[in-house]
> 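Could you have a look at this structure, given as structure tokens, before my questions?
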Number of protein chains: 2
Amino acid sequence: MEEIDKDHVDKILAQWRRERPELDVSAMGLLGRLARLRAHVSREQEKVFAEHGLTSASFDVLATLRRSGPPFQLSPGDLLAATMVTSGTMTNRIDQLEKAGLVERLNNPEDRRGVIIALTSEGLKRINAAATAHVANQQRLVAGLAPGDREALDALLRKFLATLE
Amino acid sequence: MEEIDKDHVDKILAQWRRERPELDVSAMGLLGRLARLRAHVSREQEKVFAEHGLTSASFDVLATLRRSGPPFQLSPGDLLAATMVTSGTMTNRIDQLEKAGLVERLNNPEDRRGVIIALTSEGLKRINAAATAHVANQQRLVAGLAPGDREALDALLRKFLATLE
DNA sequence: CCGCGATATCTTGACGTCAAGATAAATTGC
DNA sequence: GCAATTTATCTTGACGTCAAGATATCGCGG
């Protein structure tokens, strides 16, 4: 009577158990659900970013600048440290945002190797609006989960994350 | 006294609360940890795939063929249904795998629009070895989490996923 | 048995990402 | 002061992904 609904990931595990019964797939369920969940959440979030002419990449940079507080300026190195991407990726992100007029590269008076990335006033407006929509959308995405489950899940994700970083 | 260690995500939330106190960022912690966790896991998994000359994209296709059982053949449409990507992406994945000699496109005798993607013997060897290494690596990735926590986390992820798909 | 909407797969063009390495300026140590 | 090392950022080339649309074939309704 204790039937739990099988989801997509359960079917994959069942196939592996049939084809390669000697493999221990006990971790695959958890990691598979993590991946699938992330893919769904990610796509839903992208839709909201797109409504504001942004991608998750550009939102990520603008949001980092915005939440750093006035004057909304950081070096590429600072942005790099905050965003889990490589330097080449960050250069490209900044290039795109600069083309779009949402940030500008200023000379760094203290270090001629470096530059300062600054939100333009258009960039500030854009990220303020996008962030408002984004957090509302995040609320919607977790709305199907009971508040107690959300807390429990967050606590476990925190624990897990701590083992990896 | 109940101090929980602040992680990277907590710092982001604190910044938003300072800069945009009117925003309800209560869902951002959970979703942010999910994203970060997935990024870490993903990269660790890529390393193992790379040791076998694969990427997560190519592993994904080969694994789907492998766990479907003999004769290790599926249509692009079947693969599409199993893998959360678009048809253009699947065409590209198959192209790459075909170039690498790991799968081949066979004519579908029952439908001239369609083809059948079949693992080559080299592809079978490759995915068997890669899958063995991959599941071992997955065990390693969750090893830092107590077994009870793993179960609880998996159950919550399942619940959450069910609300989205 | 024919026309036409449905289906299976591929093509195109624009991005985003990474690894590896290039460039230029700052800093360190003698 | 100056060479060697380190640091900050950018460049290059190869992939992977998507959305939108192109092709070719299937199969249904008349």
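Within every chain, numbering begins at 1; the chains are lettered A, B, ... in the order of the sequence lines, protein sequences first and strands thereafter.
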> With sequence neighbours left out, write down each residue that passes side chain to side chain contact (heavy atoms under 4.5 Å, CB included) with B/T91, or none if nothing qualifies.
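For B/T91, the residues satisfying side chain to side chain contact (heavy atoms under 4.5 Å, CB included) (neighbours in sequence not counted) are B/D95, B/R105.
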> Could you tell me the separation between the CG atom of B/L79 and the P atom of C/dA8, rounded to a whole number of Å?
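For the pair B/L79 CG and C/dA8 P, the rounded distance is 13 Å.
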> With sequence neighbours excluded, what pairs up with A/E22 under the salt bridge (Lys or Arg N to Asp or Glu O under 4.0 Å) test?
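Residues passing salt bridge (Lys or Arg N to Asp or Glu O under 4.0 Å) with A/E22: A/R20.
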> Please tabulate, for side-chain N and O atoms in residues 23-36 of chain A, each donor-acceptor pair with protein atoms closer than 3.5 Å (sequence neighbours left out).
from, atom 1, to, atom 2, distance (Å)
A/D24, OD1, A/S26, N, 3.0
A/D24, OD1, A/S26, OG, 2.8
A/D24, OD1, B/Q139, NE2, 3.4
A/D24, OD2, B/Q139, NE2, 3.3
A/S26, OG, B/Q139, NE2, 2.9
A/R33, NE, A/D7, OD2, 2.8
A/R33, NH1, B/D154, OD1, 2.9
A/R33, NH1, B/D154, OD2, 3.4
A/R33, NH2, A/D7, OD1, 3.0
A/R33, NH2, A/D7, OD2, 3.4
A/R33, NH2, A/D10, OD1, 2.8
A/R33, NH2, A/D10, OD2, 3.4
A/R36, NE, B/E165, OE1, 3.1
A/R36, NE, B/E165, OE2, 3.2
A/R36, NH1, A/H8, NE2, 3.4

> In residues 31-70 of chain A, which residues come under 4.0 Å of DNA chain C by heavy atom?
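Heavy-atom cutoff 4.0 Å gives A/T55, A/A57.
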> Compute whether any side-chain donor of one residue and acceptor of the other, for B/E104 and B/T120, lie under 3.5 angstrom apart.
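Their side chains do not contain a donor-acceptor pair, so the 3.5 Å distance test is not met.
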> What is the distance, rounded to the nearest whole Å, between atom NZ of A/K99 and atom P of C/dA14?
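Roughly 11 Å, once rounded to whole Å.
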> Nearest-Å distance, CE (B/M90) to C1' (C/dC10)?
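Going from B/M90 (CE) to C/dC10 (C1'), I get 13 Å.
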> Round to a whole Å and report the spacing from CG of B/N92 to C1' of C/dT12.
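So the CG-C1' distance, B/N92 to C/dT12, works out to 12 Å.
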> B/E98 CD to C/dT9 P: how many Å, rounded?
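It works out to 14 Å between those atoms.
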> Measure the distance from CG on B/L74 to P on C/dT9 and round it to the nearest whole Å.
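So the CG-P distance, B/L74 to C/dT9, works out to 11 Å.
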> Give the B/S/- string for nucleotides 2-9 of chain D, one per nucleotide from 5' to 3', where a protein heavy atom under 4.0 Å of the base yields B, of only the sugar-phosphate yields S, and otherwise -.
-----BSS
> Under 4.0 Å: is that the gap between some side-chain N or O of A/T86 and OP1 or OP2 of C/dT17?
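So the side chain of A/T86 is outside the cut-off, no N or O lying under 4.0 Å from OP1 or OP2 of C/dT17.
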> Send over the distance from A/R93 CZ to D/dT11 P, rounded to a whole Å.
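About 17 Å, once rounded to whole Å.
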> Just to verify, what does A/S87 make a side chain to side chain contact (heavy atoms under 4.5 Å, CB included) with, not counting sequence neighbours?
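Scan of A/S87 (side chain to side chain contact (heavy atoms under 4.5 Å, CB included), adjacent residues dropped) gives A/L80.
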> Test of understanding: with side chain to side chain contact (heavy atoms under 4.5 Å, CB included), list the residues that count as partners of B/L156, not counting sequence neighbours.
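Residues passing side chain to side chain contact (heavy atoms under 4.5 Å, CB included) with B/L156: A/D149, A/A152, A/L153, A/L156.
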> Only one of B/I117, B/L65, B/V61 clears side chain to side chain contact (heavy atoms under 4.5 Å, CB included) with B/L74; which?
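Output: one option passes, namely B/L65.
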> Rounded to whole Å, how long is the line connecting atom CD of A/Q96 with atom P of D/dC10?
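Interatomic distance, CD of A/Q96 to P of D/dC10: 13 Å.
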> Tell me, please, which residues at least two apart from B/R140 pass salt bridge (Lys or Arg N to Asp or Glu O under 4.0 Å).
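If we apply the salt bridge (Lys or Arg N to Asp or Glu O under 4.0 Å) test to B/R140, skipping adjacent residues, the hits are B/E44.
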> Please list all pairs passing the salt bridge (charged side-chain N to carboxylate O under 4.0 Å, His left out) test where one or both residues lie in residues 63-83 of chain B, with sequence neighbours left out.
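Of all non-adjacent pairs touching residues 63-83 of chain B, those that pass salt bridge (charged side-chain N to carboxylate O under 4.0 Å, His left out) are A/E19-B/R66.
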